[in-house]
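All remarks here apply to the structure that follows.
Below, each value reflects all heavy atoms present in this structure, side chains not excepted, and no hydrogens, waters or symmetry copies. Given the structure is predicted, the values throughout are model-derived calculations rather than measurements.
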Amino acid sequence: MSEEAVPQQGGTAQPKGLLQQMEELMASLNADLSALDADLSAASTGSAPAEEGGATA
């Protein structure tokens, strides 16, 4: 029954296993989060950091 929900690909290529699909999705998500973190870090360096604003006075 679950095989009917997943369209089968033609040709000799074997369908990906669920674990392989999850690993690829996690790798993609990790790359996206790393890029977002880099963007946020670059944006926060343009303004005064909140931690250092009053710590030296």
Exercise. Is there side-chain contact between S41 and D37, with at least one heavy-atom pair below 4.5 Å?
Worked result: yes

Exercise. Can you check whether E24's main-chain N or O pairs, donor with acceptor, with S28's side chain at less than 3.5 Å?
Worked result: no

For this session: To the nearest 0.5 Å, tell me how far L25 CG sits from L29 CG.
Result: 8.5 Å

Exercise. Who are the side-chain contact (heavy atoms from CB on, under 4.5 Å) partners of L18, not counting sequence neighbours?
Worked result: Q21, M22

For this session: Measure the spacing between CG of N30 and CD of E23 and express it to the nearest 0.5 Å.
Result: 13.0 Å

